[in-house]
Amino acid sequence: MSESRQIDAVIVGAGFAGMFMLHRLRSAGLDVQVIEAGDGVGGTWYWNRYPGARCDVESMEYSYQFSEDLQQHWNWTERYAPQPEILAYANHVADRFDLRKNIQFETRVTAAHFNETENRWLVATDKDITLSARFCVMATGCLSSTNLPKFDGLDTFKGEWYHTGLWPHKGVDFTNKRVGIVGTGSSAIQSIPQLAKQAGHLTVFQRTANFSIPAHNRQLEADFVVEVKADYPAFRAANNLEGTCFGSRTEVNDQSVFDASEAELQQHFESKWQIGGFGFLSAFNDLLATREGNEFAAEFVRQKIRKTVKDPVTAELLCPNQVIGCKRICVDIDYFETYNRDNVALVNVKDHPVERVTERGLMINGEEYAFDCLVFATGFDAMTGSLARMDIRGRDGLALKDKWAAGPRTYLGLGSAGFPNLFTISGPQSPSVLTNMICSIEQHVNWVTDCILSMNERGLTTIEADPKAEDAWVDHVNEIAGETLYPSCNSWYLGANVPGKPRVFMPYVGGLPVYAEKCNVVAQNNYAGFVLG
Ligand code: N01
């Protein structure tokens, strides 16, 4: 193995978090190296190339705001940007800010060990590259480790199979093929209408029906773009503070669902349905507070499904019975309509799960379903998966995955006690996936940069979460999640989609502005809750 190159900071991942982290630290004069497994930038948008992939946050909002020139220059074409356009944007950012020269592509970090004598992170990769860095920044993404259930016999399948999160870059031609897709989360709900248009026949295997709201996607109106660009910062500020504080435009009707008349219920739900997208749950201000209140919204969506899907048996199977919003709401283009096609069938695998994969297809309840292609839209080992797959060791050789065996433990989602100078961008127990991710990424990257620069100015060597502050933060995150309906169903927010993963609610539900203010106060108070050395 070659000798470790000495640098100031190593950043793992070249998605939106890693790219901006590189830009900020390098602009501040640090010697920085990014390590990226893929052969290009873009993270999520590099890997998730399945048909129909697009962002469920509106395009004018889902972009960096650190550069006015960048946000003025870039032109989105649709209300919800398709994956190729977002990847093109990521590449444009990499070129514009000359980021590639500090990114090592096609290289995977395998281990990061903290050397307590030198106060440095020793980072090993699957190539002949090792690094020694004062700071290690994990920009590994929240949804980047795919979850492929251990289906017996998969290796015997004679057809082709794909996971939506690791889609072949050359694309897949499903023309006239018999295709089976497992899963009905966001990835499946986006890809099913596209697969159905191409395939000879498509069979959807559904374990849990999901709530989905129409995207009403369209070309962006020129007037709207001009209006936003006339004062982009004001648009950003309003998105961050309005509504549910998720860094995204949502006008909340400030009324309890229990105070609404039958006519008002219909009116507000219908109006949000017509607008489309995530904002549906802002029809009233307490839809995630009680099951009774939530049920009004859930039943409204079920009625829409029953009206859309012509076959009543299929329609009923597609009606979800969990709380609406406890799993991330899906945003679709013609998802439910697709079940009216002659070449699409729905199979319920809740009571009779996939038993095994055969040479020809899937065996379920003693019946074999034969396919040319199988698509697994089975999601991700979210939020902690990518961190757990690396051998990360802090003080006394403690492995992060052992420390987190019963669930992640962090202070502010930014760092974990016993792991000095290790930062996690959009880490567990920060708002991350409950917000417009790019807003949360920018907030974390700016905080970490300011922290590192402040340490350098003061000649400090290490920063590390105080175990007491960490315990209090973990309690706080759990307590406020417990006041909502979020933990009430088996979602990836809870790790419940991965067999054996501890059931712990991982994102911070308090909203981005509240959270960012807490981070600012910590910084202003000499990084209170962190131990500086
Ligand atoms: O994954 P999921 P996803 N047998 O975990 C099923 C983001 N995203 O990739 O619900 C049968 O939501 C599983 O069933 P169940 C977005 O944040 C964003 O779709 O566990 N089925 C479920 O139906 C999203 O929330 C965009 O019962 C099995 C599905 O597989 C997140 O990524 C686009 C199974 C997995 O759904 C994850 O979405 C796409 C088994 N053994 C995704 N195991 C944007 O627009 C799992 N399933 C930005």
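In each ligand, atom 1 is the first atom listed, and ligand 1 is the first ligand listed. Just so you know, residue 1 is the first one in the sequence shown, and it goes up from there.
- Closer than 4.0 angstrom to ligand 1 by heavy atom are Trp45, Tyr50, Arg54, Cys55, Asp56, Leu143, Pro149, Phe151, Val182, Gly183, Thr184, Gly185, Ser186, Ser187, Gln190, Arg207, Thr208, Lys327, Arg328, Ala377, Thr378, Gly379, Phe380, Trp492, sorted by chain and number.
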Please table the atom pairs, donor to acceptor, closer than 3.5 Å between any side-chain atom in residues 324-336 and protein atoms at least two apart or in another chain.
| residue | atom | partner | partner atom | Å |
| --- | --- | --- | --- | --- |
| Lys327 | NZ | Asn490 | O | 3.3 |
| Arg328 | NE | Asp56 | OD2 | 3.2 |
| Arg328 | NH1 | Val433 | O | 3.0 |
| Arg328 | NH2 | Asp56 | OD1 | 2.9 |
| Arg328 | NH2 | Asp56 | OD2 | 3.1 |
| Asp332 | OD1 | Ser212 | OG | 2.7 |
| Asp332 | OD2 | Asp334 | N | 3.3 |
| Asp332 | OD2 | Tyr335 | N | 2.9 |
| Tyr335 | OH | Tyr339 | OH | 2.8 |

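- The salt bridge (Lys or Arg N to Asp or Glu O under 4.0 Å) contacts involving residues 273-284 comprise nothing, where partners must be two or more places apart or lie in separate chains.
- The salt bridge (Lys or Arg N to Asp or Glu O under 4.0 Å) contacts involving residues 149-159 comprise Lys158-Glu359, where partners must be two or more places apart or lie in separate chains.
- Using cut-offs of 30° and 60° on the angle between ring planes, the pair Tyr64 and Phe16 is perpendicular.
- Ring pair Tyr369/Phe371 is parallel by interplanar angle, where below 30° counts as parallel and above 60° as perpendicular.
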Decide yes or no on side chain to side chain contact (heavy atoms under 4.5 Å, CB included) for Phe211 and Leu281, but give the supporting numbers first.
CA-CA 11 Å; Phe211 288 101; Leu281 280 187; over 6 Å; no
